[in-house]
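Hydrogens, waters and symmetry mates are skipped; everything else that's a heavy atom, side chains included, is used. Numbered from 1 within each chain, the chains take letters A, B, ... in sequence-line order.
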Amino acid sequence: MILEVKNMKKSFPEAGEVLKNINLSVDKGDVIAVIGPSGGGKTTMLRCLNFLETPDSGTMIFDGAEYDLRNISKSDIYSIRKHTGFVFQNYNLFLNKTAIQNVAEGLVTARKMNKKEARAKAELALTNVGLADRLDYYPNRLSGGQQQRVAIARAMATDPEIIYFDEPTSALDPELTREVLDVIRRLAGEGRTMVVVTHELEFARNIATRIAFMEDGEIVTSSDPETFFSSVNNERIEQFLSNIKIK
Amino acid sequence: MTERVARILIESFPKILLPGLKMTVPLTVLAFSLGLVIAVITALIQYVKIPVIKEISRFYIWVVRGTPLLVQLFVVFYGLPSIGIITQPFPTAVLVFAINEGAYAAETIRAALESIPHGQLEAGLCVGMTRAQTMRRIILPQAFRTAVPTLGNELISMVKDTSLAANITVMEMFMTTQRINSVYYEPLALYMEVGLIYLIFSTVLTKLQRLAEKKLASYGRR
């Protein structure tokens, strides 16, 4: 087991209780697709897992160590983040850095790797996402799909135990969506451990080892894709699925 | 133009330019650099919202921007001695100009910081960097690029404002010109001459500003 979260809660002053009681466990090699209607807390959950939002309470076991989320220390947060990767919906590339610098930054600045080694590693990561010919491009000269692939390379380059994807294709045109999904699919095939918040149901079905359906701040069901899509007997999930199909 | 005026102008030119190079330029460079340091600190305090200190920095900006530079110079140089604090003209000028510039540039830099998409800070955290590292490596360099045109304007303003230091007996270009004028009494010619020298200084700075903008623009507009 790489990650286990128990009873994680999060409220915002304006929005109220966004995460009611999250229980999630992730094994090595798991690809967990988190789906569900908007406003159900998917993104908040992912952000809490990497402490971009501070959870109110709960416990987390990461890499064998247990943390009380109510009073986790700053240094624990930094050390957990060093073993995770995060891919944002809007890429969030460093605009003052080229593609290769974006990928190398976390290695050089955060992990004190020497520059040459970091560059080699960054180049490999970018080659793996099909961008070997764009190493020295600044983000504003790359398409959305290319930017997101740089972001994936950046998240991968640090060899994380687990990678979180927050709706990685929601900001992309359909034709660019495919190139990004292909990259994620290949990572899944390599046995990387991932938690992917997505609206791409077909994609979720194809790559996920488990599908977590989230609504109103809770994970309603969590099962393997076949079970999830075939024997749906939950009214809410059926409604959600049919809404998406109509679209 | 009479021959006399021409002769006075030619003779006075190096006499005015020299204190310009020896006083106006160092005063500007020192005060602007110190002002930038104050500005970055003040802007960061507000950007990361440190309680109490943030209020103090707002108060500082409010007072400094709301009062004339000349009044600030007089309060420090002529006012403070009456409570036993006596300061030298040049250091006083550097300090007051720096405090003044700090307040203006703090607003410039704060606005620039806030214009940088926040997601990059989160991305920095997610690749394992600390907040401080992300600020230093990612956010501040971009904020500076955004701020350069405005900071350039402020620098040019400051070159001209240094003439106010004449009022607290700093022997800079303007005061030197006043002295020369008191001997020859050619106010039109001499004050136009010193104006021209300020113009030359400003022009050089404008060119440098353009150069800096060009260099910093290498990663282009978003």
(request) Could you tell me which non-hydrogen atom of L52(A) sits nearest to which non-hydrogen atom of E122(B), and how far apart they are? (result) CD2-CB, 3.9 Å

(request) Output, in order, the C-alpha distance, side-chain angles, deciding distance and verdict of side chain to side chain contact (heavy atoms under 4.5 Å, CB included) for C126(B) and F88(A). (result) CA-CA 10 Å; C126(B) 285; F88(A) 296 86; 3.8 Å; yes

(request) Write down the atom of P141(B), the atom of N96(A), and the distance for their closest heavy-atom approach. (result) CB-ND2, 3.7 Å

(message) Taking the side chain as everything from C-beta on, heavy atoms only, tell me whether F94(A) gets closer than 4.5 Å to I139(B).
(response) no

(message) Does any part of the side chain of M129(B), heavy atoms only, come nearer than 4.5 Å to the side chain of R81(A), both counted from C-beta?
(response) no

(request) Determine whether more than 12 heavy atoms belonging to other residues, nucleotides or ligands lie under 6.0 Å from atom NZ of K112(A). (result) yes

(message) More than 12 heavy atoms of other residues, nucleotides or ligands under 6.0 Å from CD of Q88(B): yes or no?
(response) no

(request) May I ask you to check whether over 12 heavy atoms, not counting those of R185(A), lie within 6.0 Å of atom CZ? (result) yes

(message) Please classify the contact of N50(A) with chain B as side chain, backbone, both or neither, using a heavy-atom distance under 4.5 Å.
(response) side chain

(message) Just so I understand: if I count every heavy-atom pair under 4.5 Å between each of Y137(A), Y78(A), Y91(A), Y164(A) and chain B, which residue has the most?
(response) Y78(A)

(request) Indicate the atoms forming the closest heavy-atom contact of K97(A) with I138(B), along with that distance. (result) CE-CD1, 3.8 Å

(message) Given heavy-atom pairs under 4.5 angstrom as the criterion, report whether the side chain, backbone, both or neither of R111(A) touches chain B.
(response) side chain

(request) Identify the two heavy atoms, one from T109(A) and one from Q133(B), that lie closest to each other, and give their separation to 0.1 Å. (result) O-NE2, 3.3 Å

(request) Please state whether the side chain, the backbone, both or neither of T130(B) comes within less than 4.5 Å of a heavy atom of chain A. (result) both

(request) Output the distance between atom CD (Q120(B)) and atom CG (N102(A)), rounded to the nearest 0.5 Å. (result) 8.5 Å

(message) Taking side chain as everything from C-beta outward and backbone as N, CA, C, O, which of these in L107(A) sits under 4.5 Å from a heavy atom of chain B? Side chain, backbone, both or neither.
(response) neither

